[in-house]
2 protein chains.
Amino acid sequence: MATEIRREQAEARLRAVGLKVTAPRLAVLDAVTGHGHLDADAVHTRVMAELPATSLQSVYNVLGALAEAGLLRKIDPAGSAARYESRTGDNHHHLVCTGCGAVADVDCVVGEAPCLTPSNTGGFAVATAEVTFWGRCAECQAASG
Amino acid sequence: MATEIRREQAEARLRAVGLKVTAPRLAVLDAVTGHGHLDADAVHTRVMAELPATSLQSVYNVLGALAEAGLLRKIDPAGSAARYESRTGDNHHHLVCTGCGAVADVDCVVGEAPCLTPSNTGGFAVATAEVTFWGRCAECQAASG
DNA sequence: GAGTTGTTTTGAGTCATTCAAAACAACTGC
DNA sequence: GCAGTTGTTTTGAATGACTCAAAACAACTC
Ligand SMILES: [Mn+2]
Ligand SMILES: [Mn+2]
Ligand SMILES: [Zn+2]
Ligand SMILES: [Zn+2]
């Protein structure tokens, strides 16, 4: 069945980055993959549906490990909790709603980091350029002008 | 004397945005102006040198009011406390050191927000584009490869 | 100078996140 | 297969940056 194949692929990805294969890690990967930009609490809720004993602390541990290993990407927009997503390696950017905090993806025209180069680097060795667009999502526009 | 003139100009700027002129506000404006990117605690330390009775809560209140009024700009890089600066109205960007958190200014080639336009807006009404360059500052490079 | 409104202080509270230690489970090599 | 080693999860507590609320106070208005 398809879920079996997905599980084996997830296991392989964990091993490939040198992480032990554990139930919480598989559950977190599964909870995040294809579900947009989730904060730790939302991941925990989703994980618990499948693995009820999982602690929130474990979710934090796992998200941290997976993000560090490059299996997940972490974004941290000002004013809300950190979000995690499964879309990695393409250096895309984000739109964040100032009303409700909703996050949407924006394709990067360049694709690899850093996609922009600062005019004056001030001696910094620049690794990445993070672009966040702030605005109001369609729903928040409809709700209040 | 020069400080007198500066104080009167600061008073005028507060009045211009409809804020009452108070000692903590003048002290915070003075503490931030021309001193880079300071967090609330650093502002509090500087303010207390001049106005020792000032509470940290007041510094938060004042920074919030001044930023909302456009007299200060607030930036909130992931992983560190919010910073405030006096350079406003030019939509410049920032370099942040992943080692020590140091912040440097980067001129925006466009100058006005939003200086970039997302490829796909997903229905968002985009107001600003925030660009943060992440890298290592000169000192952190020297310290450890 | 009294009144009104906005500001500051004081003190407590919140939230996302982290720390630490003990219990536990995955992989290694026999 | 099983013990040993190492990494992971759980539990419980702590942290730091920031916010909330109410009372004391001060700036501006008339
Ligand atoms: Mn994304
Ligand atoms: Mn700046
Ligand atoms: Zn919205
Ligand atoms: Zn540095």
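All of these numbers come straight from a predicted model, not from anything done at the bench. Chain letters run A, B, ... following the sequence lines, proteins first and then strands; every chain starts at 1. The figures that follow rest on heavy atoms only: side chains count, while hydrogens, waters and symmetry mates do not.
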Arg87(B) and Asp107(B): salt bridge (charged side-chain N to carboxylate O under 4.0 Å, His left out), yes or no, with the steps? CA-CA 11 Å; Arg87(B) 186 175 164 185; Asp107(B) 295 332; 2.8 Å; yes
Mark yes when over 12 heavy atoms from residues, nucleotides or ligands other than Glu139(A) sit less than 6.0 Å from its CD; otherwise mark no. no
Categorize Thr22(A) for me: base, sugar-phosphate, or nothing, with a 4.0 angstrom heavy-atom threshold over every strand shown.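 The answer is sugar-phosphate, as Thr22(A) gets under 4.0 Å only of primed atoms, P, OP1 or OP2.
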May I ask you to say what Ala65(B) touches in the nucleic acid, namely base, sugar-phosphate or nothing, with a heavy-atom cut-off under 4.0 Å? nothing
Compare side-chain N and O positions of Arg15(A) against OP1 and OP2 of dC27(C) and report whether any pair is under 4.0 Å apart. yes
Could you tell me whether the phosphate oxygens of dT10(D), OP1 or OP2, come under 4.0 Å of any side-chain nitrogen or oxygen in Ser55(A)? yes
[X] [atom1] to [N] [atom2]: how many Å, rounded?
X: Tyr60(B); N: dA21(D); atom1: OH; atom2: P; value: 18 Å
X: Asp39(A); N: dA16(C); atom1: CG; atom2: P; value: 7 Å
X: Leu56(B); N: dA17(D); atom1: CG; atom2: P; value: 10 Å
X: Asp41(A); N: dC15(C); atom1: CG; atom2: P; value: 11 Å
X: His44(B); N: dT8(C); atom1: NE2; atom2: P; value: 13 Å
X: Gln57(B); N: dC20(D); atom1: CD; atom2: C1'; value: 8 Å
X: Leu29(A); N: dT8(D); atom1: CG; atom2: C1'; value: 15 Å
X: Glu11(A); N: dA26(C); atom1: CD; atom2: P; value: 11 Å

Counting only side-chain heavy atoms from C-beta out, which of [options] sits nearest to [X]?
X: Ala81(A); options: dT17(C), dT9(C), dT11(D); value: dT17(C)
X: Lys20(B); options: dT10(D), dT8(C), dT7(C); value: dT7(C)
X: Asn61(B); options: dT17(C), dT19(D), dT8(C); value: dT8(C)

What's the shortest heavy-atom distance between Leu19(B) and Ala65(B), and which atoms? CD1-O, 4.2 Å
Can you check whether His37(A)'s main-chain N or O pairs, donor with acceptor, with Glu85(A)'s side chain at less than 3.5 Å? no
So CZ of Arg73(A) and OH of Tyr84(A): to nearest 0.5 Å the spacing works out to 13.0 Å
Does Asp76(B) or Ala23(B) map to a spot on DNA chain D nearer the 5' end, using the closest nucleotide for each? Asp76(B)
